[in-house]
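First the structure, then my questions, so here it is.
Sequential numbering from 1 along the given sequence is applied to the chain's residues.
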Amino acid sequence: MFPLHHIFILFPVLISICASSTICAQPLPPSNFKATAFDRHIELRWDRSTDLSVNTYRLYRADDTGEFQLFRTFTVNDTLYLDFIGAQDVEYSYYVTSRSILGEESDPSPVLTAATYAMTDDEFLDMVQEYTFRYFWDFAHPVSGLIRERNISDEIVTMGGSGFGIMALLVGIERGFITQEQGLARILKIVLFLEDADRFYGVFPHWMNGTTGEVIPFGPQDNGGDIVETAFLFEGLLTAREYFSGNTANDVVLRQKITNMWQEVNWNWYRNNSNVILWHWSPNFGFVLNHQIRGWNEAMMVYLLAIASPTHPVPASLYETGWTGGDYENGFSIYGYTLDVGPLTGGPLFFAHYSFIGFDPRYYRDQYANYFIQNRNHTLINRAYCIDNPGNYTGYSDVCWGLTASDDPLVGYLAHEATPNRDNGTITPTAALSSMPYTPLESIAALKHFYREHGDRLWGPMGFYDAFNLTQNWFADSYLAIDQGPIICMIENYRTELLWDHFMRNPEITDALDAIGFEPDSISVSLTVLIDSEADIALFPVPASDRLFVQNSTPEDIQVELYDMNGHVMFSKQRIISNGTLALNTSLVSPGVYMVRASGGAFHFVQKVLLLP
């Protein structure tokens, strides 16, 4: 509110202005007032007033009695409010007014009525992605377009979070949150800024100033290149390079500039003449931190890109001597799930997310693991631990789970995981939501629980806040780029495989997988999806020979694909409208066993089929 003593000081001036201007006239009501209903809340928003006399806004609400009451008062900069009602089928009417410094109130805006309703799974995913997208679009740094570290960051932008943010922009285009032209312009803005920003042998720092491009030290001796953050940045940039495949001038320029920066990263320098890649290099302190990057953790993308580099590649042998050269293998079963690699219970769940926003692990394995199965089992162990709840923390259950690195009520920030010494009752929504491709049933159930049961404190203008701890009665009010990014991106990989598809199209990635020794592996195909017993999909005849018919009796359109048992696509996505039938010409396909995959908005369906000569 405008301080009262300021009113007394300014009052003679305002009276003088009123005598010769319209500043004391009744202000105009806010424009573009909107009310949008969801499962448990109604979003109210309006445009900021251009009237300099406006000091506050007033929101009025009426229930079914029709009697409006003053509901909330907002500052002139606040133009968004989430009325979290906490129940379905509740209807309210609203209008908003402006109020001037001298207390004059505008006429009301148009009255809008909205009612909460039971949302489908698909609508829940739409809502979470759209709200989370705001962090990467509305809250991006205004000069560079890069992504701020957290919602209280001003100039600090983060390279890893920006890589995730670039991929989030692609999701935004596909979901219709922004146009392709808007997304291309924003990513080109980012790339043009990065060209002149601080780099250290082509490697970007962890943090930089979003206006100047100068490094902001992440620690006392960490004021140079951070190759892990850089890998996540290029995970996004290379995905965008394949996404913008058109022939417009901006498409061509963007691809060339990304390629130029990609070629300038000197991955070999960060070996320091050793057989392992080191995390940091500083122009002042050199390799003094000596942080060797060895698995299992989030940094698999570093070795994949270092081996894939077209100009400064490290030998493929570093995958063995560096990445898998430490305490890599596991082999134990916990809660009935076996982990081939990594810590005993898997570690924080971001291990299963950061490198796999781009890298599609479903159809390959190295000599140690199929990493889709690794990540699925890691997620299921994390959930089973929360159900078991050895620490007896409040709220843990089959729908309230997810332990990973996040803000924390006790120590500020902590890498939570499924072990008693790394668990203090803090649940982080990104843990369960970003595992959507691995555990769709369990993750969607957690999403609904977080929103429906805790949304009044956990749901905000940019989606779920970072974390909560019911034992401590604590809810974060923070958003972190590295937690928000995997949510929107991994949900999209579950829904359409968008980011997996485009990252994996980079020819350098295919070559790197071959050089490392990855082999085709289809064992995970049937696990990548939710087998929905209610999905009314029929295949006939079975077995088939020259034609296979797929009948869609669901109420929505679906996409159909045919894979061989090595994961190779025989028929790419083909659309079948609701209550329609698709005929696949299988006469030219070799006899054998194949997998038919049908996917709709809220389900996936997989079935084996035998094709005869």
(request) Before giving the answer on ring pair (Phe, Tyr, Trp, His ring centres under 6.0 Å), spell out for W401 and Y396 the whole-Å C-alpha distance, their side-chain angles and the decisive distance to 0.1 Å. (result) CA-CA 6 Å; W401 57 276; Y396 280 23; over 10 Å; no
(request) Return the minimal non-hydrogen interatomic distance between V276 and G322, and the atom names on each side. (result)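 Result for this residue pair: CG2-CA, 3.9 Å.
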(request) Answer yes or no: are there more than 12 heavy-atom neighbours, outside D327 itself, under 6.0 Å from its atom CG? (result)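 Result for CG/D327: open.
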(request) Verify whether the ring centers belonging to Y368 and W296 lie closer than 6.0 Å. (result)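 Distance test on ring centres: not under 6.0 Å, no.
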(message) Is it the case that atom CG in N421 sees more than 12 heavy atoms from other parts of the structure closer than 6.0 Å?
(response)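 Atom CG in N421 is packed in, count exceeds 12.
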(request) Compute both the distance and the angle, then confirm whether R134 meets the cation-pi test with Y131: under 6.0 Å from the six-membered ring centre, within 45 degrees of the axis. (result)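 So R134 does make the cation-pi contact.
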(message) Within the 3.5 Å criterion, strictly below it, is a donor on N284 or N223 matched to an acceptor on the partner's side chain?
(response)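 Side-chain D/A pair, N284 to N223: present.
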(message) Testing the basics here: between N493 and L498, what is the closest heavy-atom pair and its distance to 0.1 Å?
(response)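 Shortest heavy-atom separation between N493 and L498 comes out as OD1-N, 3.9 Å.
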(request) Decide, yes or no, whether a salt bridge links D477 with R457 under the criterion of side-chain N to carboxylate O below 4.0 Å. (result)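 So D477 does not pair with R457 through a salt bridge.
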(message) Using 0.5 Å steps for rounding, measure from the CG atom of L458 to the CD1 atom of I427.
(response)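 Spacing of CG (L458) from CD1 (I427) equals 11.0 Å.
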(request) Give a yes or no on whether a salt bridge exists between E264 and R199, defined as a side-chain N under 4.0 angstrom from a carboxylate O. (result)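 Yes.
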(request) Would you please say whether a donor-acceptor pair under 3.5 Å links the side chains of W323 and Y328? (result)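 Checked: W323/Y328 side chains pair up, N/O donor to acceptor below 3.5 Å.
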(message) For D408 versus V411, what's the shortest heavy-atom pair and its separation?
(response)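 Minimum heavy-atom separation between D408 and V411: OD1-N, 2.9 Å.
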(message) Tell me the closest heavy-atom pair linking P313 and N268, and the distance in Å.
(response)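 Minimum heavy-atom contact is O-ND2, 2.6 Å.
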(request) Show your reasoning for whether side-chain contact (heavy atoms from CB on, under 4.5 Å) applies to F133 and I178. (result) CA-CA 10 Å; F133 178 75; I178 56 174; 3.8 Å; yes
(message) Treating S435 as the side-chain partner and Y438 as the backbone partner, does any N or O pair qualify as donor plus acceptor under 3.5 Å?
(response)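 Such a contact is absent between S435 side chain and Y438 backbone.
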(message) Ring centres under 6.0 Å, that's the criterion: do F232 and Y354 meet it?
(response)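 Ring centres of Y354 and F232 closer than 6.0 Å.
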(request) Rounded to the nearest 0.5 Å, what's the gap from CG on N250 to CG on L188? Could you check? (result)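 That separation rounds to 5.5 Å.
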(request) Kindly state whether the ring of H449 and the ring of H454 have centres lying under 6.0 angstrom apart. (result)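 Yes, close enough.
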(message) Within a 6.0 Å radius of atom CD on E519, are there more than 12 heavy atoms belonging to other residues, nucleotides or ligands?
(response)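 At most 12 heavy atoms, drawn from other residues, nucleotides or ligands, come within 6.0 Å of this atom.
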(request) Using a 4.5 Å cut-off on heavy atoms from C-beta on, say whether the side chain of L233 contacts that of I166. (result)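 Yes, side chains in contact.
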(request) Rounded to the nearest 0.5 Å, what's the gap from CD1 on I491 to CG on L499? Could you check? (result)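 Rounded to the nearest 0.5 Å, the CD1-CG separation comes out at 12.0 Å.
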(request) Considering non-hydrogen atoms only, spot the tightest contact between A467 and S406 and give its length. (result)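 In terms of heavy atoms, the two residues are closest at CB-OG, 3.6 Å.
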(message) Under 4.0 Å between a side-chain nitrogen and a carboxylate oxygen: does that hold for D407 and R150?
(response)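 Yes.
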(message) Please identify which of these residues, F450, Y393, W459, meets the ring pair (Phe, Tyr, Trp, His ring centres under 6.0 Å) condition with F468.
(response)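 Only match with F468 under ring pair (Phe, Tyr, Trp, His ring centres under 6.0 Å): F450.
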(request) Step by step, work out the ring pair (Phe, Tyr, Trp, His ring centres under 6.0 Å) result for Y479 and Y465. (result) CA-CA 6 Å; Y479 292 107; Y465 289 115; 4.8 Å; yes
(request) Provide the closest heavy-atom pair for D340 versus Q374 in the form atom of the first, atom of the second, distance. (result)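 Shortest heavy-atom separation between D340 and Q374 comes out as N-OE1, 3.2 Å.
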(message) If the test is side-chain hydrogen bond (donor to acceptor under 3.5 Å, both in side chains), which one of T419, D423, T345 qualifies with Y385?
(response)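 Looking at T419, D423, T345, the match for Y385 under the side-chain hydrogen bond (donor to acceptor under 3.5 Å, both in side chains) is D423.
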Report, one line per pair, each donor and acceptor closer than 3.5 Å where one atom sits in a side chain of residues 167-175; sequence neighbours left out.
from, atom 1, to, atom 2, distance (Å)
E174, OE2, Y243, OH, 2.5
R175, NE, E492, OE1, 2.9
R175, NH2, E492, OE1, 3.3
R175, NH2, E492, OE2, 3.1

(request) Would you check if there is a donor-acceptor pair between the side chains of H141 and E155 at a distance under 3.5 Å? (result)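 Checked: E155/H141 side chains pair up, N/O donor to acceptor below 3.5 Å.
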(request) Hey, could you give me the CD/CG distance between E442 and L380, rounded to the nearest 0.5 Å? (result)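 E442 CD to L380 CG: 5.5 Å, rounded to 0.5 Å.
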(request) Return yes if a side-chain donor-acceptor contact under 3.5 Å exists between T439 and S443, otherwise no. (result)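 Side-chain D/A pair, T439 to S443: present.
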(request) Using atom types as modelled and distance alone, determine if a side-chain donor or acceptor of E229 lies under 3.5 Å from a backbone N or O of G160. (result)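 Yes; judged by distance alone, with no hydrogens or angles, the pair exists.
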(request) Using distance alone, with no hydrogens and no angle criterion, decide if T426 and N469 have a side-chain donor and acceptor under 3.5 Å apart. (result)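 Side-chain D/A pair, T426 to N469: present.
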(message) With no hydrogens and no angle check, just 3.5 Å: does a side-chain donor-acceptor pair link H206 and D222?
(response)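 Side chains of H206 and D222: no pair found under 3.5 Å.
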(message) Can you confirm whether more than 12 heavy atoms, excluding those of F332, are under 6.0 Å from its CZ atom?
(response)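 No, CZ of F332 has 12 or fewer neighbouring heavy atoms, counting only those of other groups under 6.0 Å.
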(message) Check E497 with R362, please: is the shortest side-chain N to carboxylate O separation under 4.0 Å?
(response)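 Looking at E497 together with R362, the answer is yes, because their closest N to O distance falls below 4.0 Å.
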(request) State, without any angle test, whether D388 and Y335 hold a side-chain donor-acceptor pair at a distance under 3.5 Å. (result)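 Yes, a side-chain donor-acceptor pair sits under 3.5 Å.
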(request) Could you go through the ring pair (Phe, Tyr, Trp, His ring centres under 6.0 Å) check for F359 and F503 one step at a time? (result) CA-CA 7 Å; F359 176 38; F503 179 80; 7.4 Å; no
(request) For D366 and Y319, test the side chains for any donor-to-acceptor distance below 3.5 angstrom and give the result as yes or no. (result)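 Yes, side-chain donor-acceptor contact under 3.5 Å.
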(request) Check whether any side-chain heavy atom of M490 sits under 4.5 Å from a side-chain heavy atom of M436, and report yes or no. (result)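 Of all side-chain heavy-atom pairs linking M436 with M490, none is under 4.5 Å.
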(message) Using 0.5 Å steps for rounding, measure from the CD1 atom of I307 to the CG atom of L513.
(response)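 It is 9.0 Å, given to the nearest 0.5 Å.
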(request) Carefully, step by step, assess E508 and R241 under the rule salt bridge (charged side-chain N to carboxylate O under 4.0 Å, His left out). (result) CA-CA 12 Å; E508 301 98 320; R241 186 181 70 169; 3.0 Å; yes
(request) Starting at CG of D483, measure out to OG of S478 and round the result to the nearest 0.5 Å. (result)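 It comes to 8.5 Å.
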(message) With no hydrogens and no angle check, just 3.5 Å: does a side-chain donor-acceptor pair link E417 and T404?
(response)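 On atom types as modelled, these side chains do not qualify, holding no pair under 3.5 Å.
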